[in-house]
Protein chains: 2
Amino acid sequence: MVKRICHGATNCPVARSLDAIGDWWSLLIIRDAFRGRRRFGAFQKSTGAAKNILTTRLRGLVDYGVMEMVPASDGSAYQEYVLTEKGLDLFPVVIALWQWGEKHFFEPGETPPVLRDRRRKKPIPELAVLAADGRRLRHTGTTLMPQF
Amino acid sequence: MVKRICHGATNCPVARSLDAIGDWWSLLIIRDAFRGRRRFGAFQKSTGAAKNILTTRLRGLVDYGVMEMVPASDGSAYQEYVLTEKGLDLFPVVIALWQWGEKHFFEPGETPPVLRDRRRKKPIPELAVLAADGRRLRHTGTTLMPQF
DNA sequence: CCGTATCCATTCCGATACTG
DNA sequence: CAGTATCGGAATGGATACGG
């Protein structure tokens, strides 16, 4: 998005997704939007992005329909940035990244922030790719039709 | 990885993941590794990356333990690049990106390549974030402990 | 507080050329 | 085929300054 026009009209869903959100800053913004951040300044603090960078990324996300601007909830004259339905659909992406990082990038001594089920307060089990009949799939269990 | 040292030791699992794979090219390489690509030239063709870019990205992925180099399976003098266990754990990430792109970036007329269960030949249902007791969670159903 | 605009050093990208 | 080296143009990132 911000950078790459990709190679024209690629046929691959992953590449198209990455065009919109395949960027360090954009993903961090989305992560924080899921954590309830809405304001420019809040994103700035929580992502650590410079203001101009934040501006371009937010604009890109809005252009791609991932976020939208709404009048500030506190009555101030500003806008807030909230995830659209399309943006909310990124929840599994964020969770998948979260769990992968949690599993592979924390030393035994470190304690990563844990994602919990709000109701039962239990940690969330690892995301699994399931077939229609509920069987758990590994990548060898999937196939592409047609190839691209 | 390739670019960003991140802001030191961030505590967020998502940020740590992105440090390793939060890059357009790296993710495309990983996507293709899941599709069975192993050779330098194969990645070059399927990702469209320039050779020098591909070199740095592959090296980065190896450094992060996502891929490893193994002797070529066909007896040639070269190496092949294969996903490690850590890399294979990215399967949900790739599937999540795949499904999001499939859902939101294809016009009614276009037909994206469809991901199917190899055994039953049925399309794979959307990834869902499930609680320990099997309830489907939306982002509002999750909480972070402790915050970061 | 919310952005936009500008400047500059750094990095990245892509093409090409070159080696085994 | 599998890389490494290099080069110029472009984009990025960070700081700062400025205006609503």
Side-chain angles (χ1 to χ4, degrees), chain A residues 1-8 10 15 18-30 32-33 36-64 66-82, chain B residues 1-8 10 15 18-29 32-33 36-64 67-82:
Chain A
M1 71 125 213
V2 170
K3 48 169 113 173
R4 195 176 324 279
I5 306 300
C6 193
H7 334 104
T10 178
L18 292 178
D19 234 21
I21 58 157
D23 169 88
W24 168 271
W25 297 118
S26 302
L27 250 343
L28 286 194
I29 291 168
I30 290 163
D32 290 332
R37 303 287 193 278
R38 306 165 62 92
R39 295 292 280 259
F40 188 92
F43 287 115
Q44 201 193 339
K45 264 200 285 287
S46 62
T47 64
K51 288 196 287 187
N52 48 356
I53 308 273
L54 192 54
T55 299
T56 64
R57 293 306 190 276
L58 285 172
R59 193 180 348 253
L61 289 172
V62 169
D63 288 347
Y64 269 102
V66 174
M67 305 189 81
E68 61 186 339
M69 301 174 71
V70 301
S73 48
D74 64 356
S76 63
Y78 306 114
Q79 306 279 358
E80 296 185 346
Y81 299 86
V82 300
Chain B
M1 68 126 209
V2 169
K3 49 169 114 172
R4 195 177 323 279
I5 307 299
C6 191
H7 335 104
T10 177
L18 292 178
D19 233 21
I21 57 157
D23 168 87
W24 169 271
W25 297 116
S26 302
L27 251 342
L28 286 193
I29 291 169
D32 290 331
R37 303 289 194 278
R38 304 165 64 92
R39 296 290 279 259
F40 188 91
F43 287 115
Q44 201 193 339
K45 265 200 284 290
S46 63
T47 63
K51 288 196 286 190
N52 48 358
I53 309 272
L54 191 54
T55 298
T56 64
R57 293 306 191 278
L58 284 171
R59 193 176 354 248
L61 290 172
V62 170
D63 287 348
Y64 269 101
M67 304 189 83
E68 59 186 340
M69 300 174 72
V70 301
S73 48
D74 63 357
S76 63
Y78 304 115
Q79 307 278 358
E80 296 185 344
Y81 299 86
V82 300

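Each chain gets a letter, A, B and so on, in the order the sequences are listed, and its residues count up from 1.
Ranking D:dG20, C:dC13, D:dC1 by closeness to the A:Y78 side chain, first place goes to D:dG20. Proximity note for B:W25 (side chain, C-beta onward) versus C:dG3, D:dG13, C:dG14: the nearest is C:dG14. Of the listed nucleotides (C:dG14, D:dG13, C:dC2), C:dC2 has the atom at the smallest distance from the side chain of A:F40. When distances are taken from the side chain of A:K51 to each of D:dG3, C:dC2, D:dG14, the shortest belongs to C:dC2. Counting only heavy atoms from C-beta on, A:Q79 has its side chain closest to C:dG3 among D:dG14, C:dG3, D:dT12.
Taking atom CD of residue B:Q44 and atom C1' of nucleotide D:dT4, one finds them 13 Å apart after rounding to whole Å. If you take CH2 of B:W24 and C1' of C:dG14, they are 15 Å apart, rounded to a whole angstrom. Rounding to whole angstrom units, CZ of residue A:R37 and P of C:dC2 are separated by 13 Å. When rounded to the nearest whole Å, the span between CZ of B:F43 and P of D:dC1 equals 15 Å. Straight-line distance from the CG atom of B:L54 to the P atom of C:dC12: 15 Å, rounded to whole Å. Taking atom CD1 of B:I53 as the reference point, atom P of C:dA15 lies 10 Å away to the nearest angstrom. The separation between B:D23 atom CG and D:dA11 atom P is 18 Å, rounded to whole Å. Taking atom CZ of A:R38 as the reference point, atom P of C:dC2 lies 13 Å away to the nearest angstrom.
Interatomic distance, A:S73 OG to A:R39 CZ, rounded to the nearest 0.5 Å: 7.0 Å.
A:R59 has a side-chain polar atom (N or O) that falls below the 4.0 Å cut-off from OP1 or OP2 of C:dT4. When the side-chain nitrogen and oxygen atoms of B:T55 are compared with OP1 and OP2 of D:dT4, one or more of them lie within a distance under 4.0 Å.
Classified by interplanar angle (parallel below 30°, tilted 30° to 60°, perpendicular above 60°), the ring pair A:F43/A:Y81 is perpendicular.
Between B:I29 and B:M67, some side-chain heavy-atom pair lies under the 4.5 Å cut-off. B:V70 places a side-chain heavy atom less than 4.5 Å from the side chain of B:R38. The side-chain heavy atoms of A:W25 and A:T56, taken from C-beta on, include no pair separated by under 4.5 Å.
Closest-nucleotide positions on DNA chain D for B:R39 and A:N52 were compared, and the one nearer the 5' end corresponds to B:R39.
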